[in-house]
Amino acid sequence: MKPRVAFFDFTGCEGCQLETLNFNLEVVDLINAVDIVEFREISSDHSDNYDIAFIEGSITTDRDIARLQDIRNKAKVLVALGACACTGGVNSLKNFYSMEENLKVVYGESAKYYKTIPTRPAHAVVPVEFFLHGCPPNRNEIIRLIKCVVAGKKFEQCQNPVCVECKLAENVCAFERGEFCLGPVTRGGCNAVCITAGRKCWGCRSLVDEPNINSQKDLLAKYGLTVNDVLKQFRLFNGTLEVAKQ
Amino acid sequence: MQNRVISRQDLAGFVDDLIKTKSAGDVIGIKAQGNKFNFGPLKSATELRLDYDISLLPPKKYFFPQQETVLKYEVEPAFKVEPVVEERMLCIIGVHPFDIRALQLFDAVYGGNNPDPNYFLKRNNATIIGVDCLNPIPKSFAASMGTNTVEEGFDLMLTDLGGDWFVTVGSNRGDSMMKKYGKGREATNVDLEKRNKVRRDAAKKYKTSLKMKPDEIPALLDANWESPVFKERSATCFSCGSCVMVCPTCVCFDVQDDPALNLKGGERYRRWDACMLPGFAAVASGENFREHKEQRFRHRMYRKGKYLLERYKYLGCVGCGRCGTSCLADIALPADTYNLLKEGK
Ligand code: SF4
Ligand code: SF4
């Protein structure tokens with residue numbers, strides 16, 4: 001029996017789902033390997049019967065909480081897909097302001113018709129089996145997870161920081177180009193795409209298991225950042241983590 | 001074998017000839033990459049930067065690629081395993097002496113009783129054209145390691161005499177390449193003395209040094225297993241692996257299977273892996289033999305300064321300085337740690 005797979009979106013840009021569809025030829029193999037029973041980006045089908053649920057987006061309303069709990073009850077395996085589901089992602093920026101202020105900025109006069117709660121990642125609401133980090137997540141890693149689930153193998157996240165893949169890619173270190181990079185403490189698995197493209201790492205794949213945060217702060221300070229600047233670096237994608245709080 | 005002296009123009013002609021005729025295989029050379037240097041395929045001699053300081057990655061990547069498929073397998077319809085071995089003929093131009101020394105260590109590690117075919121089918125076919133390093137990076141301590149020059153391990157070794165190039169011939173292959181090309185003239189004793197002076201002057205440019213003889217390192221380490229230096233120095237370590245990814249003497253890899261989505265087959269690949277990474281010494285039962293960063297840091301220092309030497313007769317460090325340059329915490333350079341131990345700090 002092929003596993004039944006469903007995708008659900010919460011607060012996010014749906015870029016993770018697009019990235020999942022971006023497999024080109026592998027999409028055919030994927031469709032042969034699993035039954036996709038719910039996936040709003042490709043089909044209007046709906047199902048309450050699935051084995052693996054991919055959760056995209058962060059949890060930002062009370063309604064989201066109830067919906068996620070319902071999905072959890074139905075799924076055997078829950079996967080947090082992308083930065084918003086894994087850490088809260090960019091949406092967590094709002095946690096540094098009052099909810100009233102956020103509503104006023106976004107909805108102005110109509111703010112009174114809306115409700116919002118501080119951004120949470122999926123695992124802050126229900127247990128999550130697997131995390132596919134990144135904004136967007138890495139398509140090879142998505143495929144690898146599906147293979148592991150189909151084959152009954154253990155799925156291991158990349159444990160190395162971005163620096164490893166950055167060196168393998170033969171990049172000039174972002175610091176040597178005068179940039180402030182979060183690569184030394186950020187979980188790899190992305191092939192250091194951003195640095196390879198001439199940018200720096202913003203930490204979208206969350207932290208490695210044992211990040212040396214003190215060392216990272218010293219490093220950023222050495223290159224001229226203030227404490228506040230350093231916090232800002234961490235807040236963009238990791239706002240719900242301890243490291244982003246004062 | 002006869003050393004030669006050739007003009008800049010003739011050297012360029014020699015290189016362009018190699019590129020055009022492919023007589024020594026695909027030509028790889030040292031080129032600029034941003035404001036750094038790296039080895040890559042050479043389209044023309046004008047791209048060559050023989051005045052470079054250090055390459056981002058050492059040339060080992062041509063014999064031991066970052067990631068390489070080693071076998072393909074099928075489980076359906078029948079179980080079948082096929083080794084995957086890529087053979088390649090390469091000519092690498094611009095290899096520094098310490099990187100040549102590192103390749104000699106690689107030959108020892110990947111050779112022996114069970115030679116690694118993926119490595120040797122590329123390595124044995126390779127022509128190595130070295131160049132003496134006249135612009136060492138500040139962190140390099142090759143001169144104090146005795147690796148700033150080499151007498152073997154190359155086919156040709158170039159030394160910039162200012163106007164002309166001195167070509168030290170190091171193998172029969174190198175000898176016949178020079179003879180076939182035919183330009184330039186035989187080197188005299190005066191030329192040789194010029195070459196040696198260039199080398200002596202270059203040796204004085206090294207800003208970092210090991211403050212002992214390299215063969216004193218094993219005993220120093222033996223006496224210092226409990227030294228607080230390892231813990232103190234590794235406190236700022238990111239466990240980021242940069243030091244070990246850029247090292248010319250790091251030989252380790254991880255092996256993984258990549259099944260196809262239909263699970264009917266797949267491939268097995270190896271990929272650079274190294275002892276400074278937290279998962280390197282983790283085993284299936286959940287234990288990790290070097291769980292803490294100070295253990296990993298100390299292990300690397302022993303590996304470079306003692307273990308490899310004892311097993312393969314080559315020190316595991318050639319003093320190139322790449323690790324110290326890429327370490328954002330500025331703690332990775334073996335010479336720094338050995339010097340601290342020596343000072344009794
Ligand atoms: S340990 Fe450092 S200095 Fe020694 S060979 Fe490796 S990268 Fe070069
Ligand atoms: S010694 Fe430096 S380069 Fe090596 S893992 Fe530690 S922080 Fe990274």
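Each chain gets a letter, A, B and so on, in the order its sequence line appears, and its residues count up from 1. Just so you know, these numbers come straight off a predicted model, no measurement behind them. When reading the values below, keep in mind they use all heavy atoms of this one structure, side chains included, and skip hydrogens, waters and symmetry mates.
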So what's closer than 4.5 Å to chain B heavy atoms on A:Glu156: side chain, backbone, both or neither?
neither
To the closest 0.5 Å, what do you measure between SG (A:Cys163) and CG (B:Leu328)?
6.0 Å
Does some side-chain heavy atom of B:Phe238 sit less than 4.5 Å from a side-chain heavy atom of A:Leu219?
yes
Starting at CZ of B:Phe280, measure out to CD of A:Gln159 and round the result to the nearest 0.5 Å.
13.0 Å
Just so I know, are the side chains of A:Arg177 and B:Asn35 near enough to count as touching, which here means a heavy-atom distance under 4.5 Å?
no
Could you tell me which portion of B:Asn38 (side chain, backbone, both or neither) has an atom closer than 4.5 angstrom to a non-hydrogen atom of chain A?
side chain
Roughly how far, to the nearest 0.5 Å, is CZ of B:Arg271 from CG of A:Leu168?
5.5 Å
Contact check, side chains of A:Lys147 and B:Leu261, non-hydrogen atoms, under 4.5 Å:
yes
So which residues of residues 51-63 of chain B are in contact with chain A at a heavy-atom cut-off of under 4.5 Å?
B:Leu56, B:Leu57, B:Lys61
Please check if atom NZ in A:Lys2 has more than 12 non-hydrogen atoms from other residues, nucleotides or ligands closer than 6.0 Å.
yes
Counting only N and O atoms by type, is there a donor-acceptor contact under 3.5 Å from the side chain of A:Asn160 to the main-chain atoms of B:Ser239?
no
Please state whether the side chain, the backbone, both or neither of B:Ala274 comes within less than 4.5 Å of a heavy atom of chain A.
neither
For B:Lys80, does the NZ atom have more than 12 heavy-atom neighbours from other residues, nucleotides or ligands under 6.0 Å away?
no
Write down the atom of B:Cys240, the atom of A:Val164, and the distance for their closest heavy-atom approach.
O-CG2, 3.2 Å
Would you mind checking which part of A:Lys222 comes under 4.5 Å of any heavy atom in chain B, side chain (CB onward), backbone (N, CA, C, O), both or neither?
side chain
Separation between NZ (B:Lys36) and CG (A:Asn171), nearest 0.5 Å, reads 12.5 Å
Residues which pass side-chain hydrogen bond (donor to acceptor under 3.5 Å, both in side chains) with B:Asp330, listed by chain and number, not counting sequence neighbours
B:Lys139
Are side-chain heavy atoms of A:Lys167 and B:Gln66 found at a separation under 4.5 Å?
no
B:Ala235 versus chain A, the contacting section by heavy-atom distance below 4.5 Å
backbone
Positions in residues 183-198 of chain A that reach chain B, provided some heavy atom is under 4.5 Å away
A:Pro184, A:Val185, A:Asn191
Under 3.5 Å, side chain of A:Glu210 to main-chain N/O of B:Pro278, donor-acceptor pair present?
no
Mind checking whether A:Val150 and B:Pro259 have side chains closer than 4.5 Å, heavy atoms only?
no
By residue number, those in residues 242-256 of chain B with heavy atoms under 4.5 Å from heavy atoms of chain A are B:Ser242, B:Met245, B:Val246
Should we say atom CZ of A:Arg72 is surrounded by more than 12 heavy atoms from elsewhere, each under 6.0 Å from it?
yes
Looking only at B:Gly241, B:Gly34, B:Cys237, the option with the highest number of non-hydrogen pairs under 4.5 Å against chain A is B:Cys237
